[in-house]
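Remember, it's 1-based here, ligands and their atoms both numbered in the order they're listed. Just so it is clear, the values below take in all heavy atoms, side chains as well, and ignore hydrogens, waters and symmetry mates.
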Amino acid sequence: MNMNSSIMATYKRLPIAFTSGAGAWLCDQAGNRYFDALSGISVCSIGHANPVLAEALCDQASKLIHTSNLYEIPLQEQLARRLCGLSGLDQVFFANSGAEANEAAIKLCRKYAHNKGVHDPVIVVMDGSFHGRTLATLTATGNDKIKAGFGPFVPGFHAVPYNNVAAIRALAGSDMAIVAVMLEPIQGEGGIRIPNPTFLQEVKDLCEEQGWLLVLDEIQTGMCRTGKWFAWQHSSVRPDIMTLAKALGNGIPIGACLANNRVAEAMGAGSHGSTFGGSPFASRASITVIDYMTEHALGERARTLGAKMLQQFTETLAPLAGIREVRGKGLMFGIELTRDCGELVEMALRDRLLLNVTADNVVRLLPPLIISDAEAEHMINQVCSLIRKFLAG
Ligand SMILES: *Cc1c(COP(=O)(O)O)cnc(C)c1O
């Protein structure tokens, strides 16, 4: 029982609190500096206390924070145009988190199917996936540990193995009314699982052939994290629906569900909503993030720096006994060990380094995209010596 806190014990928190940040660094209550190789889980991509963002937010807060979606919101429209321009998709629904963006995507698939006369629509989802903690997104999530105890789940989902087109194709003749395939271009929580280079294209081809929608959850991989605005842009596979959140607001809560016209037209007035979604304040934050990423070419930076760092991680760590695989794309890295390594998180904390272990045995690194060459070097050295120490222990 959790008797020491008025906060519900949904998180196992580390015994540390931060009071300020600057770029890739966080400062604790005693004034110690930590290198943040996680960015608040792929959120603070343009860094902590980014001065350009801080100024924009101060300005916006002093003008207007919220009006509700009962009125026109020019900043929301401006943000939607920017996101459509970057993705080639046509329309956006704004929410306040990743799970909500995915809920919107799921509802959109269902409404689209409904308008075509489909009853009992099914969305194909992937083992090992993570789509959020609401009931529908938890149902879509392929992780039994975090689902335990929350049934009954939402009907209309069918899970198949990730990175296996044949498993999806095998459903084509079934009596399920499949309307969409929903997946992450790289599985984040699932352990930085990078599919074969042809996987996405093959899924897209299958979807086109079968008349299924392709829904890509870019909540963790989007916004330049992997070296492109969106991870699917490493190929030419444009989805019908894409969801964003995390780095979209650099910490100001905002999520987005984008769709092409064909699909978005299924939604009319009153079909979905959000009190806070796309507020002037959150929209201003996202526009500022996009401007900043554009001006500083952070996609290109993530691509080139990420490739160099991956090479260094691989050279140093891959030969070690106890390392199964080193993988990455842009500034998203997964170092898979042969055994569970949860203790690494606290060991890292003692070294003043913030990282995360996911899927039990994968060290996950998601540093801010603004790190300098020297900071990248610092991070590589710290991570490599930490893992060496762990493997020796
Ligand atoms: C974090 C994440 C979500 C959920 O986002 P929340 O803002 O926590 O609801 C969904 N999908 C992916 C791929 C994520 O990484």
Side-chain angles (χ1 to χ4, degrees), residues 8 10-11 13 38-45 93-109 123 125-143 145-147 150 154 157 159 162-163 180-195 199-200 214-226 228-232 239 241-258 274 276-279 282 285-286 289 328-334 355-359 362 364-367 369:
M8 214 177 278
T10 58
Y11 279 91
R13 290 170 200 273
L38 190 61
S39 312
I41 321 181
S42 202
V43 170
C44 301
S45 284
F93 172 83
F94 287 105
N96 313 287
S97 67
E100 278 180 79
N102 282 335
E103 283 279 342
I106 291 163
K107 285 183 71 175
L108 184 50
C109 290
I123 298 174
V125 293
M126 305 292 131
D127 292 342
S129 66
F130 183 80
H131 297 298
R133 303 282 197 153
T134 62
L135 269 177
T137 59
L138 187 62
T139 304
T141 289
N143 177 340
K145 253 195 217 165
I146 67 173
K147 294 171 87 159
F150 293 106
V154 177
F157 294 92
Y162 189 56
N163 196 19
V181 178
M182 179 173 182
L183 57 91
E184 298 151 89
I186 295 174
Q187 288 188 335
E189 304 299 309
I192 317 294
R193 307 274 165 201
I194 304 175
F199 175 64
L200 217 49
L214 177 61
V215 183
L216 293 184
D217 178 341
E218 290 261 8
I219 289 164
Q220 193 162 147
T221 50
M223 302 308 290
C224 298
R225 172 56 58 186
T226 72
K228 299 273 185 184
W229 280 104
F230 315 112
W232 60 262
I241 300 174
M242 169 174 77
T243 53
L244 300 172
K246 294 212 162 95
L248 183 58
N250 208 62
I252 302 302
I254 182 167
C257 172
L258 288 79
S274 166
F276 294 138
S279 72
S286 285
V289 167
K329 190 99 179 162
L331 286 173
M332 181 176 204
F333 305 101
L355 50 69
N356 170 252
V357 168
T358 191
V362 181
R364 176 169 54 162
L365 304 168
L366 300 158
L369 308 182

Inset, instruction - Flag yes if more than 12 heavy atoms outside Phe199 fall under 6.0 Å of its CZ atom; otherwise flag no. - result: yes

Inset, instruction - Going by the side chain to side chain donor-acceptor pair (under 3.5 Å) test, name the single residue among Thr134, Thr137, Asp217 that passes it with Asn102. - result: Asp217

Legend entry - Salt-bridge present (Arg364, Glu189; N to O < 4.0 Å): yes

Protein N/O near ligand 1 N/O, under 3.5 Å, which pairs?
{"from": "ligand 1", "atom 1": "7 (O)", "to": "Gly98", "atom 2": "N", "distance (Å)": "2.8"}
{"from": "ligand 1", "atom 1": "9 (O)", "to": "Gly98", "atom 2": "N", "distance (Å)": "3.4"}
{"from": "ligand 1", "atom 1": "9 (O)", "to": "Ala99", "atom 2": "N", "distance (Å)": "2.7"}
{"from": "ligand 1", "atom 1": "11 (N)", "to": "Phe130", "atom 2": "O", "distance (Å)": "3.2"}
{"from": "ligand 1", "atom 1": "11 (N)", "to": "Asp217", "atom 2": "OD1", "distance (Å)": "3.4"}
{"from": "ligand 1", "atom 1": "11 (N)", "to": "Asp217", "atom 2": "OD2", "distance (Å)": "2.7"}
{"from": "ligand 1", "atom 1": "15 (O)", "to": "Gln220", "atom 2": "NE2", "distance (Å)": "2.7"}
{"from": "ligand 1", "atom 1": "15 (O)", "to": "Lys246", "atom 2": "NZ", "distance (Å)": "2.6"}

Legend entry - Spacing of Leu331 atom CG and Leu365 atom CG [to the nearest 0.5 Å]: 10.0 Å

Legend entry - Value rounded to 0.5 Å, distance of CE in Met242 from CH2 in Trp232: 6.5 Å

Inset, instruction - Starting at CZ of Phe333, measure out to CG of Leu355 and round the result to the nearest 0.5 Å. - result: 13.0 Å

